[in-house]
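These notes are about the structure you will find just below.
The chain is numbered in sequence order, starting from 1. Here the structure is a predicted model, which means the values were calculated and not measured.
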Amino acid sequence: MSKVLFLCVAGIFVGAVIFELYNRSKTKLEFEHMFEGFIVKEADELFVGSLSKNEEQFMDDFKK
């Protein structure tokens with residue numbers, strides 16, 4: 001049940017992002033550029049977050 005609730009909430013946020021980007025863009029090409037930039041930014045933040053978590057785990061293992 002919690003996974004379904006999470007997917008519903010995530011879907012609402014994704015829809016809100018797409019709606020907001022659509023309202024800010026003047027052309028389809030501008031929308032595509034803004035949407036691509038948003039996806040790249042989120043992917044970079046996710047990568048950096050997982051990398052720092054792995055570095056912390058590595059340092060903890062190294063100290064033992």
Side-chain angles (χ1 to χ4, degrees):
M1 181 66 185
S2 64
K3 290 181 182 181
V4 173
L5 181 62
F6 174 76
L7 287 176
C8 289
V9 172
I12 291 170
F13 281 112
V14 169
V17 166
I18 291 172
F19 180 75
E20 186 64 31
L21 289 177
Y22 178 75
N23 284 340
R24 289 183 183 189
S25 64
K26 305 233 185 310
T27 64
K28 183 178 178 182
L29 184 62
E30 186 180 5
F31 170 75
E32 291 173 357
H33 180 69
M34 290 169 68
F35 190 64
E36 181 182 351
F38 175 75
I39 291 174
V40 168
K41 181 183 140 220
E42 291 298 318
D44 287 344
E45 288 179 8
L46 182 65
F47 175 72
V48 169
S50 66
L51 186 63
S52 64
K53 186 185 295 184
N54 289 339
E55 286 177 349
E56 289 173 3
Q57 182 65 38
F58 177 74
M59 290 305 292
D60 288 343
D61 292 343
F62 186 69
K63 289 178 183 178
K64 291 180 180 179

Please assess Phe13 against Val9 for the test side-chain contact (heavy atoms from CB on, under 4.5 Å), listing each intermediate value before the final yes or no. CA-CA 6 Å; Phe13 281 112; Val9 172; 3.4 Å; yes
Distance-only, no hydrogens or angles: does the Glu20 side chain make a donor-acceptor pair with backbone N or O of Ala16 under 3.5 Å?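 Such a contact is absent between Glu20 side chain and Ala16 backbone.
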So with a 6.0 Å cut-off around CZ of Phe35, is the heavy-atom count from everything else above 12?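 It does not: Phe35 CZ has 12 such atoms or fewer within range.
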Check for me, please, whether Phe38 and Val14 land in the same ILVMFWY cluster - side-chain distances under 4.5 Å, paths through other members count.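 The answer is yes; both residues are in one hydrophobic cluster.
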Once you round to the nearest 0.5 Å, how far does [atom1] of [X] lie from [atom2] of [Y]?
X: Lys26; Y: Met34; atom1: NZ; atom2: CE; result: 9.0 Å
X: Asn23; Y: Phe31; atom1: CG; atom2: CZ; result: 10.0 Å
X: Lys28; Y: Tyr22; atom1: NZ; atom2: OH; result: 10.5 Å

Determine, stepwise, if the pair Glu30 / His33 fulfils side-chain contact (heavy atoms from CB on, under 4.5 Å). CA-CA 5 Å; Glu30 186 180 5; His33 180 69; 5.6 Å; no
